[in-house]
Amino acid sequence: AIYLLTSRIINDEHSDETVPSVLPSINNLCIYILINFKNYSELFLICALDTLSLINDIEFLIPNINLISLFLTDNNYPQLQSSAFHCLFRIGHPGITALIEICKTYPRYQQLILTKLINTPHIQHIIVVRSLLNELYSKDVKRIHNALYALNRLYWVVSGEDNVEFAICE
């Protein structure tokens, strides 16, 4: 309900006056739910994390990064992990730094976090595509073919890219 209410408030054209006054209360309620996680079901926790992610008030979320990170390290609830990951990722640089710190501190979560990172379109667009484009300049024909094959598989990420057309034309 909180998630639906928040998305309605954010997407409503006529709510300019109510958004600034309502969102801090919703943020505080979501953090309260996360702090008292033992009293709530997984669904409530997922909704709270998704709502925080939707509102994306970075100044409010940065002090709560450790609390959000806590839910990423619970293997019993994969949907909760996913919501925590997306919430941290949406925070931007501090959230991604927290994800990397979790990988360093808890090696058993490296595969989960790195897999989720590599599957985000933003990371694919910035890191993976550019790395594959660099492979096109290799002298090894097999590496060039593999890079072209991978770029073809990532067509939905690559489409409309000027740098791909430029790299292939050279």
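If you chain together hydrophobic residues whose side chains sit under 4.5 Å apart, Leu29 and Leu45 fall into the same group. With hydrophobic clusters built from ILVMFWY side chains whose heavy atoms lie under 4.5 angstrom apart, Ile100 shares a cluster with Leu88. In terms of hydrophobic clustering, with Ile, Leu, Val, Met, Phe, Trp and Tyr side chains grouped at heavy-atom distances under 4.5 Å, Tyr137 and Tyr149 are assigned to different clusters.
Side-chain atoms of Leu70 and Asn66, non-hydrogen and from C-beta on, never get closer than 4.5 Å to each other. A 4.5 Å side-chain heavy-atom check between Leu61 and Asn27 finds every atom pair outside the cut-off. Between Asn64 and Leu34 there is no side-chain heavy-atom pair separated by less than 4.5 Å. Counting heavy atoms from C-beta on, the side chains of His145 and Lys142 never come closer than 4.5 Å. In this structure the side chain of Leu133 reaches within 4.5 angstrom of the side chain of Leu151, judged on heavy atoms.
In this structure Phe60 satisfies the ring pair (Phe, Tyr, Trp, His ring centres under 6.0 Å) test with no other residue, sequence neighbours excluded. Under the rule for a ring pair (Phe, Tyr, Trp, His ring centres under 6.0 Å), Tyr32 has no partner lying at least two apart in sequence or in another chain.
Taking CG of Leu67 as the reference point, atom SG of Cys30 lies at 11.0 Å (rounded to 0.5 Å). Atom CZ of Arg90 and atom CD1 of Ile96 lie 12.0 Å apart (nearest 0.5 Å). Of the inter-residue distances, the one linking Ile102 atom CD1 with Thr97 atom OG1 reads 11.0 Å to the nearest 0.5 angstrom. Separation of atoms OH (Tyr106) and OG (Ser69) is listed at 9.5 Å; rounding is to 0.5 Å. The structure places CD of Gln111 at 11.0 Å from SG of Cys103, a figure rounded to the nearest 0.5 Å.
Side-chain N or O atoms of Asn152 include none that pairs as donor or acceptor with a backbone N or O of Leu148 at under 3.5 Å. Remark: side-chain polar atoms of Ser53 are not paired, donor with acceptor, to backbone N or O of Leu49 under 3.5 angstrom.
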Side chains of residues 79-87: which donor-acceptor pairs under 3.5 Å do they make with residues two or more places apart or in other chains?
| from | atom 1 | to | atom 2 | distance (Å) |
| --- | --- | --- | --- | --- |
| Gln81 | NE2 | Leu72 | O | 3.0 |
| Gln81 | NE2 | Asp74 | O | 3.4 |
| Gln81 | NE2 | Asn75 | OD1 | 2.9 |
| Ser83 | OG | Asp50 | OD1 | 3.0 |
| Ser83 | OG | Gln79 | O | 3.3 |

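Taking both residues in full, the closest heavy atoms of Tyr40 and Ile33 are given as CD1-O, 3.7 Å, listed atom of the first, atom of the second, then distance. The heavy-atom pair separating Leu132 from Ala147 by the smallest distance is O-CB, 3.6 Å.
The only option from Leu112, Leu114, Thr120 that meets the side-chain contact (heavy atoms from CB on, under 4.5 Å) definition with Lys116 turns out to be Leu112.
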